[in-house]
Amino acid sequence: MAPLPISSIRVGKIEDVQELIKSKPNKVPERFIRESNERGVIVSLKTQHHHHIPVIDLSKLSKPHTHDDFFFEILKLSQACEDWGFFQVINHGIEVEVVEDIEKVAKEFFEMPLEEKKKYPMEPGTVQGYGQAFIFSEDQKLDWCNMFALGVHPPSIRNPKLWPSKPARFSENLEGYSKEIRKLCKRLLKYIAISLGLKEERFEEMFGEAVQAVRMNYYPPCSSPDLVLGLSPHSDGSALTVLQQSKNSCVGLQILKDNTWVPVLPLPNALVINIGDTLEVLTNGKYKSVEHRAVTNREKVRLTIVTFYAPNYEVKIEPMDELVDDETNPCKYRSYNHGDYSYHYVSNKLQGKKSLDFAKILN
Ligand SMILES: COC(=O)C(/C=C/C1=C(C)CCCC1(C)C)=C/O[C@H]1C=C(C)C(=O)O1
Ligand SMILES: O=C(O)CCC(=O)C(=O)O
Ligand SMILES: [Fe+2]
């Protein structure tokens with residue numbers, strides 16, 4: 001996947017949000033202020049009667065007591081993927097230390113002086129390194145967030161110069177964490193295949209050497225959270241995304257359901273999973289990639305660690321034959337190469353589900 005030509009992109013000054021609040025804690029620069037229709041309203045969990053995203057107990061799938069337990073959980077999973085595009089997993093089997101260790105080094109990374117973080121810059125037109133991704137013009141609004149993103153697997157997508165030497169255990173912890181998350185993604189894809197009535201290796205065989213990337217999002221507190229967004233609305237280009245919210249995290253992630261922004265309540269020791277654009281295409285729209293965004297709050301920092309898991313760039317993507325029926329369920333997306341979609345995805349600003357127009361067959 002070739003980077004964009006840097007010389008053609010003028011993005012203006014991108015202020016570092018952590019530095020901004022140190023020097024002017026009560027000021028929100030114009031470039032962060034959203035139009036009134038897109039502002040991040042914080043939806044209180046106490047006063048609103050929300051439905052919450054489904055919770056899947058993975059121990060019921062890996063060690064079911066009965067056949068019924070297994071199939072009930074698979075049914076819950078298929079409903080979660082169809083109706084929500086999001087769910088949380090509990091009893092996922094990843095050791096608490098692995099989850100805590102990555103959070104610790106991520107926090108330490110963001111808390112280092114700017115000069116140190118600037119050694120790993122995200123250049124305009126690229127998506128790896130420290131900075132703000134998906135900015136392509138001088139008048140584009142900025143998110144109230146600092147990001148650090150790295151390609152992890154296969155090794156060919158890594159840029160070793162961007163793997164930081166400080167904090168000391170950053171790379172070691174990220175390697176360990178990524179191995180565990182990769183195993184989890186493979187397991188989830190097996191269960192998702194079963195939920196679709198497919199053989200369990202279907203996705204693993206199709207994906208080849210899957211691409212895996214990580215993005216750490218650090219949302220500093222904001223004096224006017226109602227004017228800004230932590231992260232613009234988007235769907236993920238991946239097949240699956242795994243999101244870890246920091247321990248004792250406040251609510252920040254919201255998903256768009258029936259035209260309402262629904263907050264995702266952080267649960268202890270749970271991971272949030274969402275269906276990406278690639279699974280939406282493969283399932284011919286049966287499972288949906290759902291638009292989501294992050295909002296900020298006045299008091300607390302929020303940190304999330306997000307893994308994108310996707311097929312190898314060489315893989316041809318198209319709705320699976322089993323999920324297409326010319327009469328009752330016609331094909332909604334064209335075939336394309338996953339590398340081309342990745343390039344398209346990262347060369348456009350985050351804008352709801354717009355990236356998927358790339359693949360839609362318009363009637
Ligand atoms: C919100 O999405 C992203 O930040 C993102 C970026 C992923 C990537 C890196 C950080 C480095 C290596 C390449 C890659 C593009 C995977 C989303 O990635 C999605 C988009 C596609 C397409 C995909 O495969 O993952
Ligand atoms: O930080 C969050 O809550 C959302 C992050 C996210 O959606 C992303 O990084 O793609
Ligand atoms: Fe996302």
Side-chain angles (χ1 to χ4, degrees), residues 17-18 40-43 45 52-53 84-88 99 102-103 106-107 110 122 127-135 142-152 177-178 181 185 211-222 225 228-257 261-267 270-280 288-297 300-310 341-342 345-346 348-356:
V17 192
Q18 283 168 274
V41 181
I42 297 155
V43 192
L45 286 166
H52 294 300
I53 65 168
W84 290 85
F86 267 82
F87 54 94
Q88 309 215 39
V99 169
I102 192 70
E103 194 177 307
K107 186 165 175 289
F110 284 105
M122 185 184 291
V127 283
Q128 299 197 42
Y130 179 73
Q132 283 222 6
F134 305 102
I135 308 294
L142 298 177
D143 290 332
W144 195 262
C145 181
N146 287 338
M147 297 169 186
F148 186 48
L150 294 170
V152 175
Y177 179 76
S178 296
I181 297 288
C185 289
V211 168
Q212 187 175 349
V214 70
R215 198 162 79 178
M216 299 168 176
N217 302 307
Y218 187 95
Y219 306 97
C222 179
V228 306
L229 280 178
L231 188 61
S232 305
H234 65 282
S235 61
D236 295 340
S238 52
L240 276 185
T241 301
V242 179
L243 180 139
Q244 176 181 328
Q245 318 203 52
S246 53
K247 218 172 162 189
N248 307 319
S249 174
C250 41
V251 181
L253 175 63
Q254 298 181 338
I255 71 172
L256 192 59
K257 172 129 174 85
W261 287 106
V262 177
V264 174
L265 178 73
L267 293 178
L271 293 166
V272 177
I273 313 293
N274 62 288
I275 302 290
D277 297 341
T278 307
L279 269 189
E280 172 166 332
K288 293 186 185 60
S289 69
V290 164
E291 198 172 327
H292 53 285
R293 67 180 188 180
V295 295
T296 58
N297 76 91
K300 281 174 104 182
V301 167
R302 180 166 173 267
L303 170 69
T304 59
I305 297 157
V306 182
T307 299
F308 303 103
Y309 187 84
Y341 187 63
S342 301
Y345 186 92
V346 299
N348 285 283
K349 64 177 183 176
L350 296 178
Q351 209 180 352
K353 290 197 59 168
K354 201 162 180 293
S355 285
L356 251 191

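Order of listing sets the numbers, starting from 1, for every ligand and every atom in it.
Gln212 contributes a side-chain N or O that, together with a main-chain N or O of Ser178, makes up a donor-acceptor pair within less than 3.5 Å. Between the side chain of Trp144 and the backbone N or O of Pro221 there is at least one donor-acceptor pair closer than 3.5 Å.
Of all the atoms in ligand 2, the ones that sit under 4.0 Å from a non-hydrogen atom of Tyr219 are 1 (O), 2 (C), 4 (C), 5 (C). Ligand 2 places these atoms under 4.0 Å from at least one heavy atom of Arg302: 1 (O), 2 (C), 3 (O).
A donor-acceptor pair shorter than 3.5 Å cannot be found between the side chains of Thr304 and Gln245. In the model, Ser232 has no side-chain atom that pairs as donor or acceptor with a side-chain atom of Lys349 under 3.5 Å.
Under the rule for a salt bridge (charged side-chain N to carboxylate O under 4.0 Å, His left out), the partners of Asp143 that lie at least two apart in sequence or sit in another chain are Arg34.
Residue contacts with ligand 2, taken as heavy atom pairs separated by less than 4.0 Å, involve Leu243 solely via side-chain atoms from C-beta onward. If you look at Gln245 next to ligand 2, there are no close heavy atoms at all, none under 4.0 Å.
Of all N, O or S atoms in Asp236, the one lying closest to the Fe ion (ligand 3) is OD1.
With atom 8 (C) of ligand 2 as the reference point, the heavy atom nearest to it among Met147, Arg215, His292 is part of Arg215.
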